[in-house]
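For reference, the structure discussed in these notes is given below.
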Amino acid sequence: MSGILTKLKDKLQSYRVPGYRTKFEYKWTMVVDLDRCNGCEACVVACYAENNLPVVGKRDCDISRRFSWIRIERYIEGEYPDVKVKFIPIMCQHCDAAPCELGCPVYATYHNQDGLNVQVYNRCVGTFTCATYCTYDVRRFNWFTYKWDSPLEQQLNPDVTVREMGVMEKCTFCIQRIRVAKDTAKDEGRKVTDGDVQTACMQSCPTDAITFGDLNDPNSKVSKLAKSPRRYRLLEELNTDPSVIYLKRVMDEKKGHGSSHG
Amino acid sequence: MKRRYFLKFIGAGGIGTGLGMLFGQAIKPPGAKLIPYLIPPEDVIPGLANYYASLCTQCPAGCGVLVKIMDGRAKKVEGNPLHPVSGGKLCVRGQAGLQALYNPDRVQGPMRRKGARGSTSFEPISWEEAIGEVTTRLNDLSAKGESDKLYFLTPELGGHLGKLADDFMAGYGSSNTIKYDLFDYRNLRYANRASMGIKAIPHYDIENTKYLLSFGADFASTWLSPVGMSRGYGEMRQGGHTGRGKFVQVEPRLSLTAANADEWVPAKPGTEAVLALAIAKEIVDSGHYKGSDLKTWKKLLSPFGLSYASEVTDVDKKRIRHIAKEFMSTRPSLAVGGEGISGYSNGVSGLVAVNILNHVAGNLGIKGGVQANSNDLFGGNDADTVGAGIQTLINAAKESKVGLLFHYNNNPAFTTPGSAKAADALKNVPFIVSFSSFLDETTALSDIILPSHTSFEDWGDDFTNPAPGFQVATIMQPVVSSVYKTRSLGDIFIGIGKAVGGTAKAKMPNDTFATHLKASWKRLYAKDKGMSASSFTFETFWRETLARGGWWNEKSAKKRKLSVSTRSVARHVSKEPAKFEGESSKYPLYLLPYAQAGHLDGRGANIPWLQELPDPITSVVWDSWVEINPKTAKRLGVKMGDMAEIESPFGKVLSPVYVYEGIRPDTVAIPIGQVHKLYGRYAEKRGANPLEILPSTVDTRTEVYALNSTRVRIAKVSRPGDLVKMDVYTDELGRGIVQTVPTGGQFKKSSHH
Amino acid sequence: MENISYNEVNEDVVRTMTHTTWKYWVALVTCAVMATVLWGGAWAYQIYVGQGVTGLNTPTFWGIYLANFVFWIGISHSGTLLSAILFITATPWRRSIYRSAEAITFFSVLTAALFIFVHMGRPWNFYWTMPYPTTRQLWVNFTSPIMFDVFAISTYMTSSVIFLYFGSIPDLAAVRDRVTGWRKPIYTYLALGWRGTEAEWHWLSKSYTFFAVFIIPLAVSVHSIVSWDFALSMVPGLNKTIFAPYFVVGAIFSGTAAIVTLMVILRKSLKFEKYITMMHFDKLCLLLLVMSLLWSYINVVEVFSDWYANTSVENETLRYRMFMPPHSYMYWLMIITNSIMPLLFIFKKLRTSIFVCVVVSIGINVGMWIERYLIVATTLPRKYLPNMWHGYTPSLIEISITVGSFFFFAMLFLIFVKVWPSVSIYEVKEDIGIPMRKGFKRH
Ligand SMILES: Nc1nc2c(c(=O)[nH]1)N[C@H]1C(S)=C(S)[C@@H](COP(=O)(O)OP(=O)(O)OC[C@H]3O[C@@H](n4cnc5c(=O)[nH]c(N)nc54)[C@H](O)[C@@H]3O)O[C@H]1N2
Ligand code: SF4
Ligand code: SF4
Ligand code: SF4
Ligand code: SF4
Ligand code: SF4
């Protein structure tokens with residue numbers, strides 16, 4: 001009897017976890033050190049270049065349709081002269097319990113064997129459910145079929161699909177680069193090792209604020225950084241189990257260093 | 001080339017010439033750019049990327065890059081991981097260089113002016129015609145014996161291209177090469193030469209410092225070498241050194257860099273030098289300084305007492321003393337001075353003051369402080385000589401002393417203060433030849449355009465400046481065939497030189513710039529600057545240098561003592577704060593025009609990625625704005641997004657308002673780079689250009705325009721604003737989004753990297 | 001209704017189908033044209049250009065289309081409830097109105113279902129949401145509330161059509177027996193050979209009762225499921241336990257109000273004063289009063305618990321909805337129409353005033369539409385990361401499609417009254433009081 005109950009409990013539990021994997025071959029993880037990040041946005045442009053993100057123009061920016069898969073959020077607090085500006089780069093958190101995956105009726109977004117929240121453009125029917133459910137507002141929708149003024153289209157990365165009108169997209173952890181690394185490793189008969197994959201944002205980041213790697217590998221940089229006492233995850237209380245780990249910024253928040261400072 | 005184009009191409013051959021012509025139309029890009037599949041170039045594998053090492057020219061920092069090429073197209077610029085400056089990293093502008101290469105608004109081939117000057121009506125001509133025309137003009141001028149009426153206006157031209165241009169000018173008989181860039185660090189070079197006797201810009205070792213005191217250096221976005229410095233910054237913070245370095249930023253507005261500082265000191269505009277010297281005085285008085293010339297320093301610094309400094313700078317006495325104490329007791333510490341101290345009427349003095357501060361604190365010539373850079377591979381450092389400046393050219397043009405002007409890749413009609421009337425002066429020049437690749441405000445004034453390649457299409461080299469403490473030469477190589485009918489600037493000079501004949505011809509020993517570059521490097525190699533250390537032949541050396549992206553030698557780092565003597569700096573030290581035009585009663589607000597991360601001096605404005613990149617602080621896209629403190633805004637009755645008129649004694653501009661807590665109530669700031677009249681579809685007619693309302697005040701020692709040199713007043717205008725900013729809300733509401741830990745516990749290392 | 005003869009009933013109802021005035025044609029053509037232009041045209045444009053023609057944005061990916069979807073699903077509850085619930089509770093006054101109510105159900109579910117297509121980025125791939133065996137072995141995601149929707153709505157739509165049709169068979173036979181010309185074969189076919197034998201009545205009664213019992217939980221589940229499109233997310237203001245009952249109550253509330261409005265129109269235009277009497281309005285308005293009180297109760301509970309919880313996310317959503325224009329104006333208007341105006345129905349005199357009934361019922365429908373609109377338009381702009389907050393204003397295209405949907409619905413209803421007996425002939429006859437055949441006594 002209790003065996004059946006446990007089974008039933010597990011079964012019910014499994015319906016609460018979107019996707020169907022609990023163990024990952026690789027567990028791709030990103031660590032963002034907010035004490036290093038200076039908000040320069042090099043990562044943002046790098047992602048545009050790598051992932052064929054369209055430029056939407058002023059009007060569409062105005063109604064919040066900018067495409068960047070990674071954005072720098074700014075929070076300004078305090079009054080002059082005790083002002084603090086805080087930055088945080090936010091991209092898809094590749095939640096292991098991703099609300100977006102739960103919402104997609106057609107499995108256009110699902111969890112793969114490497115712990116990635118992947119997006120299958122061809123499969124997407126554009127119901128917006130994933131984007132509505134995403135608690136981090138990282139999903140971007142192709143409101144139109146975007147055009148590149150010729151010859152700007154010559155820059156488009158052939159390793160990445162150019163998306164068409166009506167489909168959802170978001171940061172992929174540069175899956176095309178992961179693929180290349182996995183193929184190369186396979187050809188060489190080994191596993192992907194630390195440093196084989198660089199996401200475009202990580203690659204450009206001048207302050208080295210972003211680190212990417214496999215959390216299943218105990219010796220990887222991300223595994224080590226993930227143990228930092230400064231570790232936290234964004235909106236962790238929502239139990240989305242994100243794959244992006246932030247390291248807290250070091251700063252004295254409350255009493256600022258205004259002119260009265262001794 | 002795509003597979004189906006290939007098939008089409010094969011098909012065309014089979015069906016015959018007539019049909020083939022039709023197919024030819026269908027085959028875009030044209031056949032010349034097809035990669036033949038049967039006998040492909042050895043380094044092209046369709047579908048696989050190749051990476052070529054090259055040089056970023058989006059700013060003068062000279063980062064080494066890798067360009068990813070697939071099927072003959074440039075796909076991505078990445079930092080060259082081997083390069084000592086970029087270390088595999090890049091800034092926003094470096095990333096976006098590709099959109100300059102593939103910009104739809106480039107000048108697509110040589111053109112001759114058809115309409116009135118500045119009317120942008122040009123007709124395409126052939127390269128032969130273009131070179132012929134320029135040659136005729138040059139010959140006419142030299143026939144009149146007025147060779148020295150040829151002026152060449154250019155930004156700092158690095159490496160051998162600069163040399164070649166100099167050779168051409170010398171061969172033709174003119175010494176009038178005018179170097180101009182709105183942000184070209186002439187003040188810094190001058191100040192360093194005057195105070196420390198060094199020509200090359202030194203290495204500011206942010207990475208290893210424990211206490212960084214920055215006077216208006218926005219190194220996170222624009223100053224000097226943003227990528228190199230940001231790399232240093234990241235390491236300083238969490239690089240696994242023994243402790244986390246502290247960082248204090250002095251400037252009237254909280255820039256991106258200041259937003260990262262542990263403390264922000266909003267000193268009154270123009271008083272930063274006084275503050276630096278007051279800190280220096282504290283240090284000298286405290287007995288920290290042990291030099292034999294202690295007395296003379298005490299005397300020199302005596303006017304900068306705490307009371308005076310505090311009153312002038314609007315910084316609390318206690319705070320000045322506290323900074324001084326931390327600055328001298330934290331070892332090593334480092335003071336740097338950026339546009340926020342050099343951009344005043346006494347800019348050189350401000351930078352000298354920073355050097356004095358470093359000297360008395362003992363930061364010169366040490367790890368984590370200021371390190372001298374050796375001269376570049378030429379042996380000297382021509383690039384660092386501060387020669388005649390833009391004002392010289394403007395005056396000469398006004399006085400009709402310019403007979404023929406060569407103009408390349410800078411845009412004084414946009415980047416000089418409105419009252420300098422650069423455009424008007426240039427209209428006075430009988431014939432202007434432009435080598436620019438974009439039809440900007442200055443190029444539009446030219447009579448003939450000989451468009452040159454972008455850095456992706458051309459050869460070149462650069463002796464990185466500032467170098468990271470040792471010699472670095474970065475090679476630029478063509479990574480794609482030219483997108484339009486442009487030419488290498490070196491080739492243009494060689495072509496013109498050969499056509500002109502005489503000494504100019506004699507100075508052009510090679511047929512192309514590519515061979516010239518290689519030959520020049522062969523000479524450097526022969527001189528053996530440690531290049532042939534192993535048993536290389538030149539050919540292997542050259543191949544490896546191209547593959548690596550350049551040549552650098554960490555061993556060439558020489559520890560050199562640096563010092564500042566009272567004698568050398570005395571005449572640059574002044575008790576007076578910088579001067580501002582406009583009576584404070586009529587014009588109550590200081591105006592700070594500043595370089596914006598994406599657009600720098602405006603050159604990035606034609607790049608869609610950068611237009612749509614939210615400003616790191618204000619998050620504004622596709623526009624510029626005027627930053628106003630909330631208290632001031634309330635007093636003026638303006639709200640976020642309202643349109644305001646900013647008026648100086650020299651003119652007015654309209655700009656939407658951005659209400660910002662991070663700016664002094666007596667100061668407003670406007671980013672530079674927008675409101676191009678001409679510069680392509682992405683740049684034109686948006687935002688406000690604060691340069692339009694600046695006086696033409698220069699620091700006479702360097703002819704550098706003082707950007708921060710006028711006061712303004714602001715009035716609300718009833719026109720609706722159209723400010724688009726990506727952050728509508730900047731309040732975290734206690735949701736723990738950007739979590740922090742206090743600095744107290746964090747001076748210990750907390751993570752490995 | 002005592003003084004009406006059976007024949008008169010037959011004649012009256014069939015007359016509405018066979019005798020058409022020019023006013024009808026004007027109304028029908030207007031509706032058809034407006035629906036085509038406002039909905040069809042705008043939608044075609046949207047499909048061609050992209051969803052960018054809407055005012056949707058990041059993070060407000062759901063807007064007026066989903067509000068309309070929920071609204072029309074809500075309206076659909078009229079038929080089911082009035083017909084089925086009143087049927088099994090043997091409430092006599094349902095008889096003259098239930099047929100139209102059931103039609104409303106079907107048409108509004110249809111309109112609602114179309115809004116799913118309108119809302120989709122790639123509607124032409126709609127069939128991908130159907131679990132059918134494909135060579136690619138792609139299956140649908142049964143954990144998605146959107147999938148729940150697909151099943152719930154298709155089941156509901158099928159059931160409501162069958163329910164409507166079953167209940168109409170005797171009347172279709174009556175029509176068959178009275179019409180001539182081209183209509184004859186159609187109704188002959190539709191009447192399925194109904195002859196009115198005892199056995200036929202027996203089985204009709206059985207199956208109708210079965211459907212009535214079946215469709216009530218279905219209707220409740222459909223609207224619960226619709227609420228879960230929102231409530232199963234983690235979006236502040238949407239993730240609410242109370243949403244399912246709230247939506248069901250709201251659905252009955254708006255559905256009943258829609259019926260009242262339509263009854264008034266039918267009564268006037270088809271001269272059905274004999275069949276739709278003040279008694280009907282009295283009862284319906286009482287129902288409205290009860291639903292209004294329930295609705296208000298849930299609203300108060302929701303706001304109170306949010307306020308009491310005092311978390312940043314709840315507070316901001318409430319503030320945005322209740323105190324920030326323009327949504328605050330809509331919010332308080334909704335409170336007036338849905339909580340305050342129905343209180344008038346406490347008084348019998350007002351319940352039996354056609355004027356008051358119309359004003360209040362239209363008010364309720366406006367209020368209920370606002371409720372649905374505010375649910376999406378005031379929650380998504382206030383999600384977890386304030387930096388991404390962005391409001392939503394529907395574009396002209398969206399407004400056009402919304403208005404068009406009302407014309408579309410009206411068009412369907414106009415066609416219905418011409419092709420279908422819009423009042424149940426046989427059940428009205430029961431009302432007249434002469435006992436029916438054995439085996440169908442109860443009603
Ligand atoms: N008995 C038997 N029959 C088989 C099979 C088997 O295993 N056994 N295998 C089957 C399979 S899997 C396949 S794929 C087929 C293959 O069958 P086919 O497609 O007929 O393959 P081939 O005979 O290898 O080559 C076809 C022709 O292409 C020409 N050719 C070569 N290069 C080029 C070129 O660049 N351009 C053009 N236009 N022509 C070129 C060759 O000269 C040759 O004449 O056979 C099938 N039939
Ligand atoms: S961040 Fe959003 S899109 Fe990414 S996995 Fe999580 S819920 Fe999905
Ligand atoms: S928009 Fe696409 S990915 Fe998102 S839920 Fe709908 S179908 Fe799935
Ligand atoms: S991981 Fe790749 S896709 Fe994601 S934000 Fe970084 S660059 Fe963009
Ligand atoms: S590139 Fe690095 S430092 Fe710059 S904003 Fe991105 S994460 Fe921060
Ligand atoms: S700092 Fe200058 S040289 Fe370096 S990447 Fe940026 S623009 Fe290029």
Side-chain angles (χ1 to χ4, degrees), chain A residues 14-19 56 60 62-67 71-75 88 90 99-110 120 122-146 164-168 234-235 237-240, chain C residues 47-63 65-66 116 119-130 136 138-150 229-230 232-236 238 376 379-381 383-393 395:
Chain A
S14 76
Y15 286 119
R16 301 190 46 158
V17 181
V56 301
D60 268 24
D62 196 14
I63 49 172
S64 191
R65 287 178 181 173
R66 220 177 124 253
F67 246 81
R71 64 178 186 268
I72 310 300
E73 292 204 346
R74 287 147 273 263
Y75 292 101
I88 180 169
I90 296 183
C100 58
E101 287 167 20
L102 181 137
C104 178
V106 293
Y107 277 131
T109 185
Y110 73 102
V120 187
N122 281 342
R123 180 72 170 145
C124 175
V125 296
T127 63
F128 306 100
T129 322
C130 52
T132 302
Y133 284 17
C134 171
T135 42
Y136 303 94
D137 298 334
V138 298
R139 290 185 160 258
R140 302 289 176 263
F141 187 72
N142 285 271
W143 303 102
F144 306 101
T145 294
Y146 293 93
E164 67 163 28
M165 161 176 105
V167 303
M168 194 59 79
L234 197 54
L235 304 175
E237 65 278 14
L238 298 178
N239 283 329
T240 54
Chain C
I47 289 174
Y48 183 72
V49 179
Q51 284 277 352
V53 302
T54 63
L56 297 172
N57 58 55
T58 317
T60 317
F61 287 99
W62 282 349
Y65 295 151
L66 270 221
I116 301 183
H119 156 84
M120 282 168 77
R122 303 206 292 177
W124 51 91
N125 290 333
F126 177 77
Y127 64 97
W128 292 357
T129 59
M130 299 292 173
R136 288 172 299 164
L138 289 170
W139 204 230
V140 293
N141 180 7
F142 291 102
T143 65
S144 164
I146 305 294
M147 275 321 294
F148 304 177
D149 264 358
V150 170
D229 289 347
F230 305 111
L232 297 190
S233 74
M234 286 203 269
V235 179
L238 291 186
V376 283
T379 50
L380 299 180
K383 285 167 79 179
Y384 290 100
L385 301 173
N387 218 253
M388 285 304 286
W389 284 2
H390 200 278
Y392 159 74
T393 317
S395 71

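All chains are named by letter (A, B, ...) in the order of the sequence lines, taking the proteins before the strands, and each is independently numbered beginning at 1. These figures come from a predicted structure and were not determined experimentally.
C:R122 places no side-chain N or O within donor-acceptor distance of the main-chain N or O of A:V167, the cut-off being under 3.5 Å. The backbone N or O of A:S64 sits nowhere less than 3.5 Å from a side-chain atom of C:N57 that would complete a donor-acceptor pair. Of the possible polar contacts, none joining the C:H119 side chain to the A:G126 backbone as a donor-acceptor pair under 3.5 Å is found. For the pair C:N387 (side chain) and A:R74 (backbone), a donor-acceptor distance under 3.5 Å is present.
Partners of A:R139 according to the salt bridge (Lys or Arg N to Asp or Glu O under 4.0 Å) rule, which considers only residues two or more places apart in sequence or in another chain, do not exist here. Residues satisfying the salt bridge (Lys or Arg N to Asp or Glu O under 4.0 Å) test with A:D60, not counting sequence neighbours, are A:R65.
Side chains of A:P105 and C:V140 form no contact here, defined as non-hydrogen atoms less than 4.5 Å apart. Residues A:L235 and C:L385 meet the side-chain proximity criterion, which asks for heavy atoms closer than 4.5 Å. Proximity of C:W62 to A:T129: side-chain heavy atoms (C-beta onward) are separated by under 4.5 Å at one or more points. For the pair A:T240/C:M234, a side-chain contact is recorded, criterion being any heavy-atom separation below 4.5 Å from C-beta on. In this structure, the side chains of C:Y384 and A:L238 come closer than 4.5 Å at one or more pairs of heavy atoms.
Neither the backbone nor the side chain of C:L66 comes within contact range of chain A; no heavy atom of the residue lies under 4.5 Å from a heavy atom of that chain. For a residue to count as touching a neighbouring chain, one of its non-hydrogen atoms must lie under 4.5 Å from one of that chain's; by this rule A:R123 touches chain C with backbone and side chain alike. Contact annotation for C:L56: both backbone and side-chain heavy atoms come within less than 4.5 Å of a heavy atom of chain A. When heavy atoms are compared at a cutoff of 4.5 Å, C:Y48 approaches chain A solely by way of its backbone atoms N, CA, C and O. Using a 4.5 Å cut-off between heavy atoms, C:W124 contacts chain A through its side chain alone, with no backbone atom that close. Neither the backbone nor the side chain of C:T60 comes within contact range of chain A; no heavy atoms are under 4.5 Å apart. C:V235 touches chain A through its side chain: at least one heavy atom from C-beta onward sits under 4.5 Å away, while N, CA, C and O do not. Interface remark: A:I88 contributes no atoms to any contact with chain C (heavy atom separation under 4.5 Å). C:P236 does not touch chain A: none of its heavy atoms, backbone or side chain, sits under 4.5 Å away. With a 4.5 angstrom heavy-atom cutoff, A:N239 does not touch chain C via any of its atoms.
Between A:V125 and C:W128, the shortest heavy-atom distance links the atoms CG1-CE3, 3.6 Å.
Ring-plane geometry between C:F61 and A:W143 is classed as parallel, the angle between the planes falling under 30 degrees on a 0 to 90 degree scale with a further cut at 60.
Annotation: the span from C:I146 atom CD1 to A:Y133 atom OH amounts to 5.5 Å, rounded to 0.5 Å.
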